[in-house]
Chemist: 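Handing you a structure now.
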Amino acid sequence: MKIFKNKHKLQKAILNQKNLSFVPTMGGLHNGHISLIKKSKKFKGKNIVSIFVNPKQFNNKKDYSNYPRNLNKDLSILKKLKVDYVFIPNKRKIFSFKPKNNIYLDNFSKKLCGSFRKGHFEGVLNIVNRFLEIINPDRILLGVKDYQQLHLIKQHIAKRKIKTIVVKCNTIREKNGMACSTRNKLLNKKQTEIGSKIYHYLKKIRKKPVYSINKMKEIIKNFGVKKIDYLEVFSLKTHKKTSLINKNSKIFIAYYLGNIRLIDNF
Ligand code: PAF
């Protein structure tokens with residue numbers, strides 16, 4: 001496993017790689033990341049993982065400083081997985097060059113997380129655009145748990161005619177049903193139990209065609225959730241609210257357990 005902090009040295013090493021699979025991360029690696037990395041190894045060629053806690057996608061300074069970081073542990077996980085290349089850029093340098101492409105921000109960025117986290121998706125696309133330019137991977141693997149992020153990166157890649165293919169990967173869940181997330185590391189036992197209840201409840205609701213958002217919110221609040229940023233059903237075709245739960249729609253939720261913000265979709 002080769003670790004690079006400098007983009008020029010990385011670029012020199014991967015210059016002749018014809019088949020490169022890229023998994024971007026902010027570290028704090030969990031089973032979701034591990035599954036993306038294992039999937040990336042199924043493709044021919046080499047794989048590369050980036051670790052960078054991107055300040056530009058945090059709309060809250062405290063959330064950025066509290067974000068779990070454990071580089072040594074992450075590196076030992078990546079070594080065990082036999083990752084070929086790891087890129088750990090320096091905060092100042094990664095933002096110091098002007099990328100060839102400017103970011104394309106689809107309208108979907110204004111909805112759901114976009115309406116609660118100002119500048120979040122601009123921040124995500126800013127860094128992903130830089131990574132794509134530096135690494136020029138053949139494919140990028142992204143999880144459906146971050147559905148909006150996945151869609152917006154896909155749109156950016158299409159509009160800017162970038163040759164990278166987006167590989168959409170299923171949400172990986174903890175034994176208790178909660179979607180794997182680096183932020184789960186910050187939860188206490190009680191909060192984890194509430195997260196698990198929400199999962200079981202929404203999984204059940206998913207099977208019912210008709211629903212009442214207010215009723216659902218009330219039930220989730222009764223589990224002990226103080227704040228729900230949103231709980232909506234969106235059509236996957238139009239990315240607009242819909243009154244029907246079916247195979248063409250998804251339930252999206254963002255909620256707080258204490259001051260930890262979690263998202264999921266069903
Ligand atoms: O999903 C994440 O961890 C981040 O948003 C990403 C894609 C690595 C960009 O910082």
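Whatever order the structure lists them in is the order used to number ligands and atoms, beginning at 1. For this chain, numbers begin at 1 and follow the sequence in order.
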Chemist: Give a yes or no on whether a salt bridge exists between Lys163 and Asp138, defined as a side-chain N under 4.0 angstrom from a carboxylate O.
Modeler: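 Looking at Asp138 together with Lys163, the answer is yes, because their closest N to O distance falls below 4.0 Å.
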
Chemist: So which protein heavy atom does atom 7 (C) of ligand 1 come closest to, and at what separation?
Modeler: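 Looking only at protein heavy atoms, the one closest to atom 7 (C) of ligand 1 is Gln149 NE2, 3.5 Å.
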
Chemist: Looking at Pro24, which atoms of ligand 1 are within less than 4.0 Å of one of its heavy atoms?
Modeler: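 Answer for ligand 1: 8 (C).
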
Chemist: Please identify which atoms of ligand 1 are closer than 4.0 Å to at least one heavy atom of Ile127.
Modeler: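 Contacts of ligand 1 toward Ile127, numbered from 1: 9 (C), 10 (O).
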
Chemist: Do Lys207 and Phe266 meet the cation-pi criteria used here (NZ or CZ under 6.0 Å from the six-membered ring centre, within 45° of the axis)?
Modeler: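 Because its charged atom misses either the 6.0 Å distance or the 45° angle limit, Lys207 does not stack over Phe266.
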
Chemist: Looking only at protein heavy atoms, which one is nearest to atom 10 (O) of ligand 1, and how far off is it?
Modeler: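 Nearest neighbour among protein heavy atoms for atom 10 (O) of ligand 1, to 0.1 Å: Gln57 OE1, 2.6 Å.
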
Chemist: Which heavy atom of the protein is the closest neighbour of atom 3 (O) of ligand 1, given with residue, atom name and distance?
Modeler: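 Its nearest protein heavy-atom neighbour is Met26 CG, 3.6 Å.
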
Chemist: Could you pull out all residues at least two apart from Glu232 that satisfy salt bridge (Lys or Arg N to Asp or Glu O under 4.0 Å)?
Modeler: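 So Glu232 forms a salt bridge (Lys or Arg N to Asp or Glu O under 4.0 Å) with Lys241.
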
Chemist: Is the number of heavy atoms from other residues, nucleotides or ligands within 6.0 Å of NZ (Lys145) greater than 12?
Modeler: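 More than 12 within 6.0 Å, yes.
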
Chemist: Mind checking whether Thr25 contacts ligand 1 via backbone (N, CA, C, O), side chain (CB onward), both or neither, at a 4.0 Å heavy-atom cut-off?
Modeler: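 The backbone, only.
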
Chemist: Sort and list the pairs that fulfil ring-ring contact (aromatic ring centres under 6.0 Å, His included) and have at least one residue in residues 8-28, not counting sequence neighbours.
Modeler: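 Only Phe22-Phe131 qualify under ring-ring contact (aromatic ring centres under 6.0 Å, His included).
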
